[in-house]
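Okay, so here's the structure we're looking at.
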Amino acid sequence: MTRGRTLGRSFYARDVLTVAPELLNKVLVHDDAEAGRLAMRIVEVEAYLGRDDPASHAYRGPTRRNATMFGPPGHLYVYFTYGMHWCANLVCGPVGRASAVLLRAGEVVAGVELARSRRPAAKRDVDLARGPARLASSLGLSGVHDGLDVVGSGPLRVLEGTPVPSSDVRTGPRVGVSGPGGVPPWRFWADGEPTVSVYRPAIPRRRASRA
DNA sequence: CCGGTGATGGACT
DNA sequence: GTCCATCACCGGA
């Protein structure tokens, strides 16, 4: 299931709220020189608007961490969080807008054995990429992939897939984001997908106090 | 199934 | 010092 046309730059160059739902059912392919190929059908995404979005990493302007977001669309923004996890986004919109789509969940459609080896904690295959850090882990993504172009001949690309009919696209609030929630339909998934990550309201927890 | 919580390090104020 | 675009594991129902 790794046939199909590679999406071009113009796909990503549009408004992030247009691109996000269209990414559903697209197939992200990662060819690792040593590990091999893994292909992931995207089933859940989340939009981040950029400078005007309090929940976005880009809200306070460019830093070394978020530099990729401020660059051209069609590049992968990978960041490190909670001291142990990587998460991946696709940069959208025009240069400088810093909008991006967080890849929240997917279904492994090629390289399942490889994904299992990367995520031994997953009890069932449906858990291999249920959640953004799990998705990145299954794909073998980390900081070395931040900034990579997914358009063209690199190890990463996104293939066309069967579009999800708009009547089957569901929307909801963002996951794990505190602060002003805002109005736009931030999160998108396809109706009936078993691999969509579970919604949990953002409840900031204090770090455990030392005795 | 569900809720509670420790892990763990970097970015930012 | 505080906050994370999170996950795995545990105990209870």
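Among the nucleotides dC12(B), dT6(C), dA8(C), the one closest to any side-chain atom of Thr63(A) is dC12(B). The side chain of Arg65(A) lies closest to dA11(B), out of dA8(C), dT6(C), dA11(B). The listed nucleotides are dC9(C), dT6(C), dA8(C); the one nearest the side chain of Ala133(A) is dT6(C). Proximity note for Met84(A) (side chain, C-beta onward) versus dA5(C), dA7(B), dC7(C): the nearest is dA7(B).
Leu128(A) has its CG atom 17 Å from the C1' atom of dT6(C), to the nearest Å. With rounding to whole Å, Tyr59(A) atom OH is found 12 Å from dT13(B) atom P. Per the geometry, CZ belonging to Phe80(A) stands 13 Å off P belonging to dC7(C), to the nearest Å. In this structure, Leu49(A) places its CG atom 14 Å from C1' of dA5(C), rounding to the nearest Å. Rounded to an integer number of Å, the gap from Glu44(A) CD to dA5(C) C1' is 12 Å. Distance CZ (Arg60(A)) to P (dC3(C)): 12 Å, rounded to an integer number of Å. Summarising the geometry, the separation between CG on Leu103(A) and P on dT6(C) is reported as 13 Å, rounded to the nearest angstrom. Taking atom CG of residue Leu135(A) and atom C1' of nucleotide dT6(C), one finds them 13 Å apart after rounding to whole Å.
Under the salt bridge (Lys or Arg N to Asp or Glu O under 4.0 Å) criterion, Arg170(A) pairs with Asp191(A), not counting sequence neighbours.
For DNA chain C, the stems formed by at least three consecutive Watson-Crick or G-U pairs, with both atom-pair distances below 3.5 Å, span B:1-7 with C:6-12, B:9-12 with C:1-4.
Counting only distance, with no hydrogens or angles, the side chain of Ser117(A) and the backbone of Leu114(A) share a donor-acceptor pair below 3.5 Å. Ser137(A) contributes no side-chain N or O that, together with a main-chain N or O of Arg119(A), makes up a donor-acceptor pair within less than 3.5 Å.
Side-chain atoms of Tyr79(A) and base atoms of dA5(C) include a donor and an acceptor less than 3.5 Å apart. Side chain His57(A) to base dA11(B): no donor-acceptor pair is found below 3.5 Å.
Remark: of the listed residues Asn89(A), Leu17(A), Leu23(A), Leu23(A) is the sole one forming a side chain to side chain contact (heavy atoms under 4.5 Å, CB included) with Val101(A). Just one of Arg41(A), Arg134(A), Lys26(A) meets the salt bridge (Lys or Arg N to Asp or Glu O under 4.0 Å) condition when paired with Glu107(A); it is Arg41(A).
The aromatic ring of Tyr82(A) stacks onto the base of dC4(C), its centre lying under 5.5 Å from the centre of the six-membered base ring with the two planes under 30° apart.
A close approach under 4.0 Å does occur between a side-chain nitrogen or oxygen of Arg134(A) and OP1 or OP2 of dA8(C). OP1 and OP2 of dG10(B) both lie 4.0 Å or more from every side-chain N or O belonging to Thr81(A). Residue Arg64(A) has no polar side-chain atom (N or O) positioned under 4.0 Å from OP1 or OP2 of dC12(B). Here Arg130(A) does not reach the OP1 or OP2 of dC7(C): none of its side-chain N or O atoms lies under 4.0 Å away.
A cation-pi arrangement is absent between Arg9(A) and Phe11(A) under the rule of less than 6.0 angstrom and at most 45 degrees off the ring axis.
Contact check on Asp125(A) versus Arg116(A) returns a salt bridge, with a Lys/Arg side-chain nitrogen under 4.0 Å from an Asp/Glu carboxylate oxygen. Here Arg174(A) does not pair with Glu46(A) in a salt bridge; the nearest charged N to carboxylate O distance is not below 4.0 Å.
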